[in-house]
There are 2 protein chains.
Amino acid sequence: MAVPTSRDVAKLAGVSQSTVSYVLTGKRPISEETRRRVEDAMTQLTFHPNAGARALAGQRTRVVGLMAPFGASTHQQGILPFVETIASGLREHDHDLLLVTADEGAEGMARVVGRRIVDALVVMEVGARDERLAVAAGLGVPVIVIGVPEEPGDLPCIDLDFAHGAALAVDELVDVGCTAVALLGYSAVTTQRDLNYVSRFIGGAERRAAELGVTLHPVSPVEVDRASIDAALDAVLGVAGGEGLGLLVPNTEALPVVLRALRARGLEPGADVSLVGVCTDAEAAASEPALTNVSLEPRDVSRRAVEALFRLLDPELGAPVPDGAVELVPPRVTRRDTTRPARRPAA
Amino acid sequence: MAVPTSRDVAKLAGVSQSTVSYVLTGKRPISEETRRRVEDAMTQLTFHPNAGARALAGQRTRVVGLMAPFGASTHQQGILPFVETIASGLREHDHDLLLVTADEGAEGMARVVGRRIVDALVVMEVGARDERLAVAAGLGVPVIVIGVPEEPGDLPCIDLDFAHGAALAVDELVDVGCTAVALLGYSAVTTQRDLNYVSRFIGGAERRAAELGVTLHPVSPVEVDRASIDAALDAVLGVAGGEGLGLLVPNTEALPVVLRALRARGLEPGADVSLVGVCTDAEAAASEPALTNVSLEPRDVSRRAVEALFRLLDPELGAPVPDGAVELVPPRVTRRDTTRPARRPAA
DNA sequence: GACCATCATCGATACGCATCGACCACCAGG
DNA sequence: CCTGGTGGTCGATGCGTATCGATGATGGTC
């Protein structure tokens, strides 16, 4: 026999096809005895339920589309952990992940939803105003957005709390005695893409600096090559001097270059200059010197995104996410070697 | 009306449902007039053919599974371009990409194929002996392997020609006057994973060095941190001296560290020491100094993998890939600043 | 002992499309 | 005028599952 169907299983188990189906879905009570016979038959035939038939009859595919920022000129670095975590999160709910690349744009989403290839969408790297959002919202399937658009329009959004992270970083710098903070901004390409986490981070830093009464020198944008970073440091050190200066580096990729540039001019991070970077804890610990960092763990965001998605998909799992809710994942600052308490603050 | 079906389209166009289907698939001739009416109706209703129904009736899903080395501790860096290129290659053939993460292992493949979620598989990062291969080969669907296993067993394999790349790199070093070549190996973790491109590369270098009568000093394994690389350089320079030494660095991630380490000890790459690295052309050109490199462009491999896949999927597209064929994509060596012709070779 | 729940199972049907055989109209050749 | 095509369309059927209503069996109640 070619590939076994649920009817074959039924015959072998001596039950009807519908009983096999109920064993599979658990939507009606099945006696222990019958269940065992059916399951044995399935094992014996190596039966796999046909996904197409299931989708057709059951109106759900158990596949989720991921709109990933591939193809475009993305800082590709960071997205892999997102994808990976989302994929395994979906698997825990017996769902699969279909990749939709960004070059397909909004019509890619319309296609996979229209054809009922997917039951739901996760849209990554959403910028401040993103044409995909309006389309996604009108598709009639659950959508989770990773990023914080200006106008969420009914779509639940999840992202890291960059503003809060920036504030915590400023706190840390002030804690170790800094009286001025310089912010080495994101590269122009990132800013152009209008991903507003940039402005959220900068805004958070500014607000906190103002509250604490320390000066904030934003330097932006900064490319990742050595020359740009040297130029940025020149500017910063010219204005603020070395004394009491804290550096805030939200651009993960720039971190190693900044460290090198500082040392090249005789400033030891942690001793002569304090520095807080934005990166994962793993990267921070592996760095030399170990970085004090604002941890932005993509896995946290992905996990929550998956949870939110299934609350939408199976409302029994708990209160569905309210429309348009923005969930910000709190960051964490970990002190390592690049910030050290210097002068004892007035106790 | 909820979502339109082909029957709705048929009614609106005044034809039968089967005619709509033939317009869609092109498997029977349709008059110009009828085709236009049907297409208009589809547009008007924003009709999308239901993928589940298509799969059920047509025995094909137009989805390809990608077994990606996610989840494991991979040198995650390199795989994104593969995934991206494969995804868009599939889209050009109106197919989609379903991600299967490596943690699911062989049973993940069995699942997506057994349930007929996918029509075919691409298996990435296949090592010398990979348990997934035997399973994949028995699944009864087209499979393309990226990597070169010891025992391809009927499966078409595609990979970069690391051996040839190594030989070309040795050639280049000898061309610019090197009389000894040191090979800074891969890190232990890469070697442990038994990805045999490591040994293919080393083997290729050894063979060519022997042919040319130059000494080859393999130093392995080399981690990517500065200390390990310094130790490796100590060993190499101790044995071979600076004079006439060429460095061969197959580990992309180690390249910047090696460059820095060399300069730290007063050796200018390209002048005092020659160096050929393995990386993409883009990375090589962006490096400072610009690297002479063996280009291993993942996109080439992905493209060929997709082509081979569709030759298997639609035999009309050309001769199907012969079973067990191993296709090696030739690399290219580009001379940049880290190799410069030194003493004029005897003309 | 007749009656009604409850539980477990069965039969039939629908899901939306691809495909096969049949059919019709039309035209060329004899 | 009849025959043999051929290009174009239609009806009917099947793909494998989920689901609904119905049925039989079982046990408890008055």
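In what follows, chains are A, B, ... by sequence order, proteins preceding strands, each numbered from 1.
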Closest listed nucleotide, where the reference is the side chain of A/S16 and the choices are D/dT9, C/dC10, D/dT17: C/dC10
Within the sub-3.5 Å range, which N or O atoms of nucleotides 19-21 of chain C have a protein N or O partner, and how far apart are they?
from   : atom 1 : to    : atom 2 : distance (Å)
C/dT19 : OP1    : B/K27 : NZ     : 3.4
C/dT19 : OP2    : B/K27 : NZ     : 3.3
C/dC20 : N4     : B/Y22 : OH     : 2.6
C/dG21 : N7     : B/R28 : NH2    : 3.2
C/dG21 : O6     : B/R28 : NH1    : 2.3
C/dG21 : O6     : B/R28 : NH2    : 3.3

CG-CG distance between A/L66 and B/L97, expressed to the nearest 0.5 angstrom: 11.5 Å
Rounded distance in Å - CZ (B/R115) to P (D/dT17): 11 Å
Residue pair A/D94 / A/R91, side-chain heavy-atom distance below 4.5 Å: yes
B/E32 CD - D/dG8 P separation (whole Å): 10 Å
Value in whole Å for how far the C1' atom of C/dG16 lies from CG of B/L24: 12 Å
Position toward the 5' end of DNA chain D (nearest nucleotide), A/H48 or B/G14: B/G14
Pairs touching residues 108-117 of chain B that satisfy side-chain hydrogen bond (donor to acceptor under 3.5 Å, both in side chains), sequence neighbours left out: A/D96-B/R111, B/E104-B/R111
Sugar-phosphate, base or nothing in reach of A/V20, heavy atoms under 4.0 Å: nothing
Salt bridge (Lys or Arg N to Asp or Glu O under 4.0 Å), paired with B/R36, selected from B/E32, B/E39, B/E33: B/E33
Atom pair CZ (B/R28) and OG (B/S21), whose distance is rounded to the nearest 0.5 Å: 10.0 Å
Between P of C/dG16 and CE of B/M42, the distance in whole Å: 17 Å
Residue pairs fulfilling salt bridge (Lys or Arg N to Asp or Glu O under 4.0 Å) with at least one residue in residues 132-141 of chain B, sequence neighbours excluded: B/D130-B/R132
Any B/S31 side-chain N or O less than 4.0 Å from OP1/OP2 of D/dG8: no
B/F47 side chain reached by B/L24 side chain, heavy atoms, under 4.5 Å: yes
Distance, rounded to the nearest Å, where A/R116 contributes CZ and C/dC17 contributes P: 11 Å
Atom-pair distance (NZ on A/K11; C1' on D/dT17), nearest Å: 16 Å
Atom-pair distance (CD1 on A/I30; P on D/dA25), nearest Å: 17 Å
Any B/R7 side-chain nitrogen or oxygen under 4.0 Å from OP1 or OP2 of C/dG16: no
Between C/dA14 (C1') and A/L56 (CG): distance, integer Å: 8 Å
